[in-house]
Amino acid sequence: MRLSQYLMPTLKENPADAEIASHQLMMRSGMIRKIAAGIYTYMPLGLRSVRKVEQIVREEMDRAGALELLMPMVIPAELWQESGRWEQYGKELLRIRDRKDTEFCLGPTHEEVITDVVRGTVKSYRQLPLNLYQIQGKFRDEIRPRFGLMRGREFIMKDAYSFDLDSAAADSAYDKMYQAYQRIFRRCGLDFRAVEADTGNIGGSSSHEFMVLAESGEDAIVSCNGCEYAANVEKAEVRRSALDRPGPDGPMEKVATPGKKSVAEVAAFLGVGLAQLVKTLLLETDQGDRVAVLLRGDHELNEIKLCRYLRCQHVQLAADDVVQQLTGAPVGFAGPVGLPCRILADLDVKNMADFIVGANEVDAHYCHVDLDRDVAVSSFADLRQAQAGDGCPRCAGTLEAWRGIEVGHVFKLGTKYSKALGATVLNAEGREEPLVMGCYGIGIGRTVAAAIEQNHDENGIIFPMPIAPFQVLVLELNPKDDAVREAGDSLYRTLQDQGVEVLLDDRDERPGSKFKDADLVGIPIRVTIGGRSLKEGVVEVQLRCDGETQQVAVEQAADWLVQRVRQALEAC
RNA sequence: CGGGAUGUAGCGCAGUCUGGUAGCGCACCUGCUUCGGGAGCAGGGGGCCGGAGGUUCAAAUCCUCUCAUCCCGACCA
C-alpha cells in the first residue's frame with residue numbers, strides 16, 4: 001500500500017478524551033475514530049490489526065474443531081424471554097422496537113440464539129460434539145464506556161458455544177478451548193495469565209479468564225509465586241492460618257474517638273495498626289435483608305463471595321439512615337456489640353483477639369473486645385478479597401497482585417440454557433437429554449488495545465509482528481529524488497511479490513514528519529531509503545522494538561527483510 | 001444512578017467573570033525557499049460558538065430547559 005494513496009490521519013496531539021496509552025495511540029495513529037460514547041469506526045489501519053487478530057482466532061478455533069457461523073445482531077425479545085434473561089439482564093441490554101412495535105434487543109452475547117439454532121437442528125447424540133463460533137459486532141449499553149476499544153459499547157467479539165452429551169465430554173470441550181486460547185494469545189505476542197474467575201451473569205459452574213498483564217487493566221488478579229494458582233480477586237481464595245487465639249487483655253472498654261470514622265483514622269488516632277481493628281459493614285441484599293459483615297481492618301469485602309454465601313444477586317452498603325436506625329449512631333461508628341441484626345464474619349476475624357470496634361455511638365469505639373465474650377457472630381465464611389502477600393490456597397507460596405485486561409473468558413455453562421430453551425438430543429438409549437454447554441469469548445478489539453497497552457513507548461506503538469497492520473514500512477526520504485523513488489518503489493514491489501505486507505511512505509513530506517509517523521504507527525520493521533546511503537549502495541533498516549539500525553545492501557534488502565519477517569512471525 | 005467538569009474550525013485551546021457581531025497553534029490550499037527526526041516566509045479557505053427558548057438596541061458571553069462528551073463514585077463506616 002502506498003501511503004500517498006492511503007488514509008492514515010495521524011494526530012500530533014492527544015485527543016482530550018483519551019486517558020490511557022492504547023486509546024491515545026490508536027486515536028493518534030488514525031486506527032480508530034469515535035462516533036459516539038463507546039462506539040468507534042475502525043479506520044483502514046486499525047481494521048488491518050483487527051483482521052490479524054481475527055485471523056489468528058479463526059485459525060486456532062478451526063484447528064480446535066470449531067465451526068464458524070454468523071448469527072444476527074438483532075434478536076427477538078421472545079427468545080430472551082424464554083431464557084428468562086429479558087428480565088434479568090438489566091440496562092446493558094439495548095432494547096428496540098420495530099415498526100410493528102415488536103420488541104427486539106441488540107445481542108450482547110448469543111447463548112439464546114445459538115441454543116435456538118441447535119435445538120432446531122441437532123437431534124441425536126451422534127451429531128455431537130459440536131462447537132460453533134462467530135466473530136461479530138456485539139452491543140452492550142455499558143454504564144460507563146471508557147478507554148477506547150477497551151470498554152466500548154459496540155465491540156467485536158469472537159464467541160463460541162460447545163454442545164455435548166454429558167459433562168465429561170463438555171469438560172473436554174472446555175479443555176480444548178482453554179488450550180486454543182493459550183495458543184491464540186501466545187501467537188498475538190502477549191504477556192498474559194489464565195486465571196480462575198467468577199461466572200457473573202452468564203451463569204454456569206466454572207470459568208477462566210485470560211488476562212493481559214498491564215497497569216491500566218480494569219481487573220485485579222492474584223497469582224501464586226510457588227505454583228500455577230492464579231485467580232481474579234473476585235474469586236480468589238486465600239490460605240487461612242489456624243492460630244490459637246489468645247484471650248482478651250482485659251474487659252471491654254469504651255474510648256472516645258471524636259470525628260474518627262474510617263478504619264485508618266481510628267487506627268491512627270489510637271496509635272495501633274489497621275489489623276487490630278475489626279470493621280463492621282452494614283449491607284442490604286436485593287431481597288431487603290440486612291446483615292453486618294465483620295472484617296479485619298486491613299481487609300476488604302468481596303461482595304461476590306458475600307452474594308454467593310447469601311444466595312442473593314446483589315448487596316449494597318446500607319444507606320445512612322438505615323445505619324443510623326440499626327446502630328443508633330451515624331455512619332462511621334458501627335460495631336458488632338449488641339447489634340440487632342445477623343452478623344457474619346470473615347474467617348480471619350476468628351483468629352483475632354483484643355480488637356477494636358465501633359461502639360454504635362457517635363464518637364466512640366470499644367477496645368479490648370473479645371469475639372466469644374462480647375460478640376454474637378452467627379457464622380464465619382470466606383468473605384474477604386485476596387490481596388498481595390496472602391498465602392496461596394493451594395500450596396505454601398505467597399500471592400502476588402497484578403492488574404489485568406480481560407481479553408478472553410471461557411465458561412462451563414452446564415444445562416442452564418439447554419433446559420430453559422429445550423435443547424435436547426436422544427442418547428444411545430433413545431432417552432432425551434439436555435445438551436451440556438460451554439461458552440467461550442474473546443474481545444477482538446480489546447486484544448488489539450491490550451497489545452498496544454503492553455507494547456508502546458513515548459514515541460508510539462511497537463506492534464508485535466503477528467498483529468501489526470503492516471509488517472514492513474519502506475520510507476522514501478525524498479521521493480522527488482529519482483534514485484530514491486526508483487529504489488523504494490522497486491523494493492516495495494519485490495516485497496509485495498514475496499507476500500510481505502508492506503506500506504510505502506512515498507508522501508512528499510519532510511523527513512521529520514515521516515519518521516514521527518513511522519514511530520507513532522509502530523510497524524515492526526522500517527526501511528529508510530535516502531539519497532546518501534543509496535550512493536553507497538545500502539538502505540537503512542531499523543526495528544521498531546529495539547531501535548537498532550543496520551545497513552543492508554540494496555540488492556540484498558528484499559531477501560533480508562523476508563527473512564526477518566518470517567523469523568518474527570515464528571518467534572510467537 | 002449520584003457528584004464534578006466541558007461543549008467555540010478536522011485536532012488542541014483562548015475569548016464567557018465585565019454583553020458590542022470570533023481568535024490562536026496545529027492541520028488544510030497556493031507560491032517561493034527548504035529537505036535525515038513534526039521547516040521558513042508570504043498569501044488563502046474553513047465556524048447557525050452543542051440545541052431550544054428567554055432577557056436585551058445588541059448574546060459565544062446573562063437566565064431557563066435540553067442534548068452530548070469526559071472524569072470520579074456507585075465497596076470498606
Side-chain angles (χ1 to χ4, degrees), chain A residues 7 9-20 23-24 27-28 30 33-39 90-91 143-148 220 233-234 257 259-267 274 277-284 292-307 314-320 322-324 326-327 329-336 339 346 357-360 362 365 383-385 387 459-460 475-481 484 507-520 526 528-534 539-540 542 547 549:
Chain A
L7 184 62
T10 58
L11 304 170
K12 270 191 197 176
E13 292 173 284
N14 277 324
D17 56 8
E19 288 275 305
I20 63 171
H23 187 195
Q24 293 174 342
M27 297 288 289
R28 282 189 53 204
R33 284 184 74 87
K34 189 174 77 171
I35 181 97
I39 303 177
K91 289 190 178 169
I143 300 175
R144 187 140 95 88
R146 59 183 140 182
F147 302 151
V233 293
E234 291 178 348
T257 50
K260 308 301 175 191
K261 296 181 170 188
S262 71
V263 167
E265 285 168 354
V266 174
L274 294 179
L277 273 72
V278 166
K279 53 186 170 191
T280 306
L281 308 184
L282 298 170
L283 300 115
E284 291 181 285
V293 173
L294 306 185
L295 294 167
R296 205 171 80 186
D298 57 335
H299 289 163
E300 309 219 326
L301 175 65
N302 183 324
E303 284 189 13
I304 290 169
K305 288 179 179 178
L306 179 62
C307 285
H314 187 70
V315 293
Q316 61 181 37
L317 285 178
D320 291 6
V322 176
V323 172
Q324 178 78 44
L326 271 173
T327 67
V331 167
F333 303 97
L339 195 63
D346 178 65
V357 299
N360 295 330
V362 68
H365 282 73
L383 298 175
R384 77 168 173 94
Q385 197 120 46
Q387 51 197 37
N459 295 315
L475 192 156
E476 292 175 354
L477 266 183
N478 182 5
K480 283 181 175 166
D481 177 332
V484 168
R507 293 176 302 175
D508 181 21
E509 292 289 337
R510 298 176 58 82
S513 331
K514 295 181 150 200
F515 286 132
K516 287 289 181 192
D517 275 349
D519 288 344
L520 176 60
R526 186 185 88 197
T528 308
I529 304 198
R532 238 173 282 159
S533 51
L534 210 52
V539 296
E540 192 178 284
Q542 189 175 73
T549 304

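Keep in mind that the numbers below use all heavy atoms, side chains included, and drop hydrogens, waters and symmetry copies. Each chain gets a letter, A, B and so on, in the order its sequence line appears, and its residues count up from 1.
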Donor-acceptor pair, [X] side chain versus [Y] backbone, under 3.5 Å?
X        : Y        : answer
A/Gln542 : A/Gly547 : yes
A/Asp519 : A/Asn459 : no
A/Lys34  : A/Gly148 : no
A/Gln387 : A/Asp298 : yes

Interatomic distance at [atom1], [N] relative to [M], whole Å:
N     : M     : atom1 : value
B/G51 : B/A68 : P     : 15 Å
B/U33 : B/A14 : C1'   : 33 Å
B/C70 : B/C29 : C1'   : 34 Å
B/U61 : B/G10 : C1'   : 25 Å
B/G45 : B/A27 : C1'   : 13 Å
B/G40 : B/U56 : C1'   : 48 Å
B/U16 : B/A5  : C1'   : 16 Å
B/G3  : B/A77 : P     : 23 Å

Heavy-atom closest contact ([X] atom, [Y] atom, distance):
X        : Y        : result
A/Thr549 : A/Glu540 : CG2-CG, 3.2 Å
A/Cys307 : A/Val315 : SG-N, 3.8 Å
A/Leu477 : A/Pro511 : CD2-CB, 3.6 Å
A/Ala292 : A/Leu282 : CB-CD2, 3.7 Å

Look at all strands and tell whether [X] reaches a base, only sugar-phosphate, or nothing, counting heavy atoms closer than 4.0 Å.
X        : value
A/Val293 : nothing
A/Ala318 : base
A/Glu540 : base
A/Lys12  : base
A/Leu283 : nothing

Identified pairing partner of [N], criterion: Watson-Crick or G-U wobble below 3.5 Å:
N     : result
B/A39 : B/U33
B/C13 : B/G23
B/A5  : B/U69
B/A52 : B/U64
B/A74 : none
B/G45 : none

### Query
Do A/Asp346 and A/Val293 come close enough that some side-chain heavy atom pair is under 4.5 Å?
no
### Task
Answer yes or no: is there a side-chain heavy-atom contact under 4.5 Å between A/Pro9 and A/Leu7?
yes
#### Entry: Check: B/G36 base within 3.5 Å donor-acceptor of A/Ser533 side chain
yes
If you check every side-chain atom of [X], which of [options] has the closest atom?
X        : options             : value
A/Arg526 : B/C76, B/G37, B/C70 : B/G37
A/Glu303 : B/G36, B/A77, B/C75 : B/C75
A/Arg532 : B/C75, B/G36, B/G37 : B/G36
A/Leu477 : B/C70, B/A77, B/G36 : B/G36

### Task
With sequence neighbours left out, write down each residue that passes side-chain hydrogen bond (donor to acceptor under 3.5 Å, both in side chains) with A/Lys305, or none if nothing qualifies.
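A/Lys305: side-chain hydrogen bond (donor to acceptor under 3.5 Å, both in side chains) contacts with A/Asp382.
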### Query
Counting just side-chain N and O atoms, does A/Lys34 come under 4.0 Å of either OP1 or OP2 of B/C70?
yes
Can you pull every protein N or O that's under 3.5 Å from an N or O on nucleotides 7-15 of chain B?
residue: B/G12; atom: OP1; partner: A/Ala16; partner atom: N; Å: 3.0
residue: B/G12; atom: O2'; partner: A/Glu13; partner atom: OE2; Å: 3.3

Grab the [atom1]-[atom2] distance between [X] and [N] for me, whole Å please.
X        : N     : atom1 : atom2 : answer
A/Leu301 : B/A74 : CG    : C1'   : 14 Å
A/Lys514 : B/A39 : NZ    : P     : 13 Å
A/Leu306 : B/C76 : CG    : P     : 15 Å
A/Phe515 : B/G38 : CZ    : P     : 10 Å
A/Arg146 : B/C71 : CZ    : P     : 7 Å
A/His365 : B/A77 : NE2   : P     : 9 Å
A/Asp519 : B/G36 : CG    : C1'   : 13 Å
A/Arg28  : B/G38 : CZ    : P     : 14 Å

Tabulate protein N/O versus nucleotide N/O from nucleotides 28-34 of chain B, keeping only pairs under 3.5 Å, one per line.
residue: B/U34; atom: O2; partner: A/Arg510; partner atom: NH1; Å: 2.5

### Query
Mapping A/Lys516 and A/Gly332 onto RNA chain B by nearest heavy atom, which one lands closer to the 5' end?
A/Lys516
### Message
Go nucleotide by nucleotide along RNA chain B from the 5' end; which of A/Ser513 and A/Leu295 gets its closest nucleotide reached first?
### Response
A/Ser513
### Under-4.0 Å salt bridge between A/Lys480 and A/Asp508
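Looking at A/Asp508 together with A/Lys480, the answer is yes, because their closest N to O distance falls below 4.0 Å.
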### Partner of A/Lys279 by side chain to side chain contact (heavy atoms under 4.5 Å, CB included), out of A/Leu295, A/Leu301, A/Val266
A/Leu295
